[in-house]
Structure formats: C-alpha cells, structure tokens
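The structure appears right after this line, and notes come after that.
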2 protein chains.
Amino acid sequence: MGANSRLTIAVHALAWMALAARRGLTQMTSDEVAASVNTNPVILRRSLGQLRAAGLVTVRRGAGAGWSLARPPEQISLLAVYDAVEQDSLFGMHHTEPNQECPVGRGIRPVLDRVYGDAEQAVRRELDRTSVADVLRQILHSQTS
Amino acid sequence: MGANSRLTIAVHALAWMALAARRGLTQMTSDEVAASVNTNPVILRRSLGQLRAAGLVTVRRGAGAGWSLARPPEQISLLAVYDAVEQDSLFGMHHTEPNQECPVGRGIRPVLDRVYGDAEQAVRRELDRTSVADVLRQILHSQTS
DNA sequence: CCTTGTCGTAACAGATCCTGTTACGACAAG
DNA sequence: CTTGTCGTAACAGGATCTGTTACGACAAGG
C-alpha cells in the first residue's frame with residue numbers, strides 16, 4: 001500500500017508548534033514549520049489548512065500572519081489529526097463490479113465492508129489513545145537534552 | 001490514501017474457491033477465478049502467486065493445471081491473507097529526513113514508529129478474528145438462495 | 001494609502017503505484 | 001507431441017503524492 005506521509009507531516013507540525021508554544025512562541029509561519037519538517041512551505045500550508053478545517057489550529061492572515069494551536073496539545077488526539085488529513089478507507093473494494101451471477105460476487109461487498117469497518121475502528125481506537133502532547137513528551141523524554 | 005484492492009481480490013478468490021470446493025470442485029484455473037472477480041486472469045495469477053508463497057493455496061502446472069486451497073477455509077484467517085498480499089505499512093514516514101537541529105525533527109520517528117506499530121497490531125488482531133470460511137458463511141447467509 | 005509579509009491556491013513536473021492487457025516461454029498430463 | 005495452463009516480462013493508462021513556482025488576496029502598520 002503506497003502509504004502517504006500526511007499523518008506524519010501533520011503530527012510533526014503540531015508537535016513542533018506545541019513545543020514552540022511552551023517556549024512562548026504561540027504563532028508560527030508555514031515557513032517556520034516547514035523548516036522543522038524539512039519540506040516545502042506549500043506542503044505545510046496544505047496540511048495546516050486541513051487541520052484548520054478540522055478546528056485543530058487557527059490562522060491569521062495579512063502581515064504578521066501565522067498559525068497557532070486552537071487548543072492545548074493534550075486535547076488533540078492523533079485520531080483527530082487522522083480524521084483531519086485522511087479520508088480514504090484503509091482497504092479498497094473491487095475496481096470493477098464483481099460477477100453478479102456468482103454468489104460470492106453478489107454478496108461479498110457488504111461482508112468486506114463490515115470487516116474493513118471493524119479494522120478501521122480498531123485503528124481509530126488506537127490513535128485516540130495518544131495525544132500530540134503525548135508525542136511531544138515521548139520525543140523530549142528520549143533525548144538527553 | 002489510495003488504498004489498493006489486493007486484499008479484496010485475494011479474499012474474493014479464496015471465498016469462491018472455498019464455495020467451489022464445497023461443491024466438489026477442488027481445483028480451478030485462474031480464468032475461472034477471474035470470472036467471478038470480473039478481472040483479468042493475470043491479476044489473479046499474480047494474487048494467487050502471493051497466496052501460494054504464503055502457503056495458503058497450491059498450484060498444479062502443465063495440462064489440467066489449476067489452483068486449490070492448501071487448507072480448509074476455517075484455517076485461513078484474513079490476517080494470513082493480509083500478510084500474504086500486503087507488505088507496506090499503513091502510514092508513511094517523512095519522505096525527506098526531518099531537520100536534525102530541531103528536537104522534534106530529531107526525535108519524532110521512533111515515537112511515530114511505536115504509535116503506527118500499535119495501530120497496525122490493532123488491525124492485525126481484528127483481521128485475525130475472521131476466516132475465509134466466516135466470510136463465505138456470511139455471504140451465503142445474506143442471500144435467500 | 002501604501003508597503004510588506006504571509007496565506008490560499010492554481011498549475012505543473014516527476015516519481016511511484018495500481019490495474020489491466022498482450023505476449024510468450026516453461027511446464028506437465030495424456 | 002499436442003494441448004492447456006501457469007509464470008512473468010513488458011507496457012499503457014490512470015491515479016496519487018510530493019515538491020515547486022507563481023501570483024492574487026489579505027491585513028497590519030506606518
């Protein structure tokens with residue numbers, strides 16, 4: 001599965017913003033976030049735009065613009081981030097409709113929908129157990145600084 | 001996430017082979033499986049080849065060749081199928097290495113590895129709860145035939 | 001009002017992946 | 001030796017993802 005890096009980018013951005021906020025810098029530009037992630041600012045504007053639509057960050061425009069966390073990082077679960085940046089389901093169905101004259105072809109889709117839905121729920125429960133603050137704490141804890 | 005349909009194709013093939021076996025047809029060609037899935041036989045040969053490498057099906061070559069289930073469908077969990085056809089992880093890491101001068105850039109990867117690993121384990125546990133026989137039973141149960 | 005800095009977004013390129021197709025050699029049964 | 005099927009390479013078309021450039025929209029502050 002050619003897994004994309006959107007969740008990684010978004011969590012990285014939020015963790016970095018949370019660390020900066022703790023240091024008193026409550027607003028950052030997309031260039032500053034991009035410097036930590038080491039990618040293009042447009043990538044971050046796209047990602048942060050999705051987080052804004054989900055209510056996880058706020059943005060100021062015009063001169064002196066920038067991004068801020070909309071709530072404390074303890075209250076941002078990775079599930080919320082996942083929902084913000086990812087919409088496709090984990091597993092894809094058939095590209096072409098299966099043969100309707102075969103019992104399996106007729107009936108397999110609802111069954112797989114159920115199985116796949118259960119699997120996705122399991123992922124969601126797991127992501128819900130970790131917050132951006134947890135991620136930041138584990139990052140800092142792993143470093144001797 | 002541009003999710004692929006490999007797990008769907010493989011489970012469909014196995015369920016159809018299980019139904020055929022129950023009817024006494026213990027061997028099928030890739031053309032016959034492809035007819036139920038409604039796709040090209042080469043797609044099925046690729047998919048069944050992965051299932052064979054995982055020991056879930058066997059193949060006979062030469063004239064009168066074809067595919068058979070290697071064990072009863074009750075003993076083929078969707079986790080085994082998943083492992084056979086899918087190797088990439090669910091979530092991707094950064095494409096480019098994060099900025100190592102930023103604490104978050106330095107430390108985020110092991111943390112995300114752990115979170116993503118837990119999420120994948122949750123998916124695997126969920127898939128392990130269902131067998132090909134379960135899928136087939138649910139398919140047949142949903143039809144009035 | 002104007003300058004300035006940043007966001008928002010379109011447009012595009014390159015890479016990669018997935019599905020589907022054709023083709024053909026390898027293989028084994030009979 | 002004929003025949004039918006697998007195994008696999010090669011390729012095309014489409015989709016997606018990342019990255020880049022460019023430029024208009026916007027608002028703060030002089």
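Since we're looking at a predicted model, the values are computed, not measured.
Looking at residues 17-32 of chain B, you'll see T29(B), S30(B) sit with a heavy atom under 4.0 Å from some atom of DNA chain D. If you check residues 45-55 of chain B against DNA chain D, the residues with a heavy atom closer than 4.0 Å are R45(B), R46(B), R52(B), listed by number.
To the nearest angstrom, C1' of dC18(C) lies 17 Å from CE of M93(A). The NE2-C1' distance, from H95(A) to dG13(D), rounds to 13 Å in whole Å. Atom P of nucleotide dT19(C) and atom CZ of R6(B) are separated by 6 Å, given to the nearest angstrom. Between the CG atom of N4(A) and the C1' atom of dG19(D) there is a distance of 15 Å, rounded to whole Å. As rounded to whole Å, 14 Å separates atom C1' of dT6(C) from atom CG of L44(A). What separates CG of N40(A) from C1' of dA11(C) is a distance of 14 Å, to the nearest Å. Here the P atom of nucleotide dT19(C) and the NE2 atom of H94(A) are 11 Å apart, to the nearest Å. When the P atom of dT19(C) is taken as reference, atom CZ of F91(A) falls 14 Å away, rounded to whole Å.
Stems are defined here as 3 or more consecutive Watson-Crick or G-U wobble pairs with pairing distances under 3.5 Å; those involving DNA chain C are C:1-30 with D:1-30.
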Requested in this report: Check step by step if side-chain contact (heavy atoms from CB on, under 4.5 Å) holds for V11(A) and L14(A).
Outcome: CA-CA 5 Å; V11(A) 172; L14(A) 292 170; 5.7 Å; no
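The line from CG of L136(A) to CD1 of I76(A) is 11.5 Å long, rounded to the nearest 0.5 Å. For the atom pair OG of S5(B) and NE2 of H95(A), the computed distance is 4.5 Å after rounding to the nearest 0.5 Å.
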Please output the side-chain donor-acceptor pairs of residues 26-33 of chain A that fall under 3.5 Å, not counting sequence neighbours, one pair per line with the distance.
unit_1: Q27(A); atom_1: NE2; unit_2: G64(A); atom_2: O; d: 2.9
unit_1: Q27(A); atom_1: NE2; unit_2: A65(A); atom_2: O; d: 3.1
unit_1: T29(A); atom_1: OG1; unit_2: D31(A); atom_2: N; d: 3.4
unit_1: T29(A); atom_1: OG1; unit_2: E32(A); atom_2: N; d: 3.2
unit_1: S30(A); atom_1: OG; unit_2: R45(A); atom_2: NH1; d: 3.2
unit_1: E32(A); atom_1: OE1; unit_2: T29(A); atom_2: N; d: 2.9

Check: protein-nucleotides 27-30 of chain D nitrogen or oxygen pairs below 3.5 Å:
unit_1: dA27(D); atom_1: N3; unit_2: A63(A); atom_2: N; d: 3.1

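R109(A) is linked by a salt bridge (Lys or Arg N to Asp or Glu O under 4.0 Å) to E97(A), counting only residues two or more places apart in sequence or in another chain. Scored by the salt bridge (Lys or Arg N to Asp or Glu O under 4.0 Å) test, R22(B) finds no partners at all (sequence neighbours excluded).
For residues 113-125 of chain A, the set of pairs meeting the side-chain hydrogen bond (donor to acceptor under 3.5 Å, both in side chains) definition, not counting sequence neighbours, comprises D83(A)-R124(A), R114(A)-Q138(B), Y116(A)-T8(B), Q121(A)-R124(A). Residue pairs meeting the ring pair (Phe, Tyr, Trp, His ring centres under 6.0 Å) criterion with at least one member in residues 20-56 of chain A: none, sequence neighbours excluded. Every pair passing side-chain hydrogen bond (donor to acceptor under 3.5 Å, both in side chains) that includes a residue from residues 62-77 of chain B is listed here, sequence neighbours excluded: S77(B)-D128(B). For residues 50-59 of chain B, no pair satisfies side-chain hydrogen bond (donor to acceptor under 3.5 Å, both in side chains), with sequence neighbours left out. Residue pairs that meet the ring pair (Phe, Tyr, Trp, His ring centres under 6.0 Å) test with at least one member in residues 21-50 of chain B, sequence neighbours left out, do not exist here.
The side chain of I43(A) lies closest to dG19(D), out of dT19(C), dT6(C), dG19(D). Checking dT8(D), dA22(D), dC6(D) against every side-chain atom of V42(A), the shortest atom distance belongs to dA22(D).
For CD of E101(B), the number of neighbouring non-hydrogen atoms (other residues, nucleotides, ligands) closer than 6.0 Å is 12 at most.
With contacts defined as side-chain heavy-atom distances shorter than 4.5 Å, the pair N99(B)/V37(A) does not qualify.
At distances below 3.5 Å, not a single donor-acceptor pair connects side-chain atoms of T130(A) with backbone N or O atoms of L127(A).
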